[in-house]
Amino acid sequence: MSPSAPQRGQRPHAHRTHGVFAISVAADMVRMEVQNLRVYERRGLLTPDRTSGGTRLYSQADIEVLHRIRDLLADGLNIAGIARVLELEAEVERLRARLAEADGNAAPGR
DNA sequence: ATTCTGACA
DNA sequence: TGTCAGGA
């Protein structure tokens, strides 16, 4: 076919971490104020991609993180607490993958 | 209209 | 933590 297939076609989740949504679109998707999305980035809760011009581009993964932030805020956690939760979740995911690796299979059934 | 940074309540 | 000011 065309000799110019997507450069990152090797990684299955590449598109999930590839920034595509403008901040206004992302804010609409998660029902949050545009200004707050910028605040959450400033506080280190997430780091959306940027265009060469500096405009933020949120990926599907970022959208999911924003949903998590929204829920955790509703639970009464502050920004610092949420930052910790996100860090821990990332580590749990890392360990889960490692465990599945050592197991040869993930079967989270029990 | 849309987004960005910095300041401040 | 969230909102406003001011500019590109």
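A, B, ... follow the sequence lines: proteins, then strands. Residue 1 opens every chain.
Counting non-hydrogen atoms of other residues, nucleotides and ligands closer than 6.0 Å to NE2 of A/His67 gives a total above 12.
Using a 4.0 Å cut-off on heavy atoms, the residues of residues 29-40 of chain A that approach DNA chain C are A/Gln35, A/Asn36, A/Val39, A/Tyr40, listed by number.
Contact between A/Met32 and A/Leu66 at its shortest, heavy atoms only, is CE-O, 3.7 Å. Between A/Ala27 and A/Leu37, the closest heavy-atom pair is N-CD2, 3.7 Å.
Atom CD1 of A/Ile79 is separated from atom P of C/dT3 by 12 Å (rounded to the nearest Å). Whole-Å rounding puts the A/Glu41 CD to B/dC4 P distance at 8 Å. In this entry the distance linking CZ of A/Arg56 with P of C/dA8 reads 18 Å, nearest Å. The nearest whole Å value for the distance from the CG atom in A/Leu45 to the C1' atom in C/dG2 is 14 Å.
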Let me check I have this right: for DNA chain C, each base becomes ., (, ), [, ] or |, based on Watson-Crick or G-U pairs with both distances under 3.5 Å. What is the full string?
||||||.|

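Looking at A/Glu89 and A/Arg84, no side-chain N of the basic residue comes within less than 4.0 Å of a carboxylate O on the acidic one, giving no salt bridge. The pair A/Arg96-A/Glu93 meets the salt-bridge criterion, with a side-chain N (NZ, NE, NH1 or NH2) lying under 4.0 Å from an Asp/Glu carboxylate O.
To the nearest 0.5 angstrom, A/Arg68 atom CZ is 6.5 Å from A/Leu86 atom CG. Taking CG from A/Asp62 and CG from A/Leu46, the interatomic distance works out to 5.5 Å, rounded to the nearest 0.5 Å.
Counting any heavy atom pair closer than 4.0 Å across all strands shown, A/Arg42 reaches a base atom.
No continuous path of hydrophobic side-chain contacts links A/Leu57 to A/Phe21 [ILVMFWY only; heavy atoms under 4.5 Å].
Using a 4.0 Å cut-off, no side-chain N or O of A/Thr55 falls inside it from OP1 or OP2 of B/dT2.
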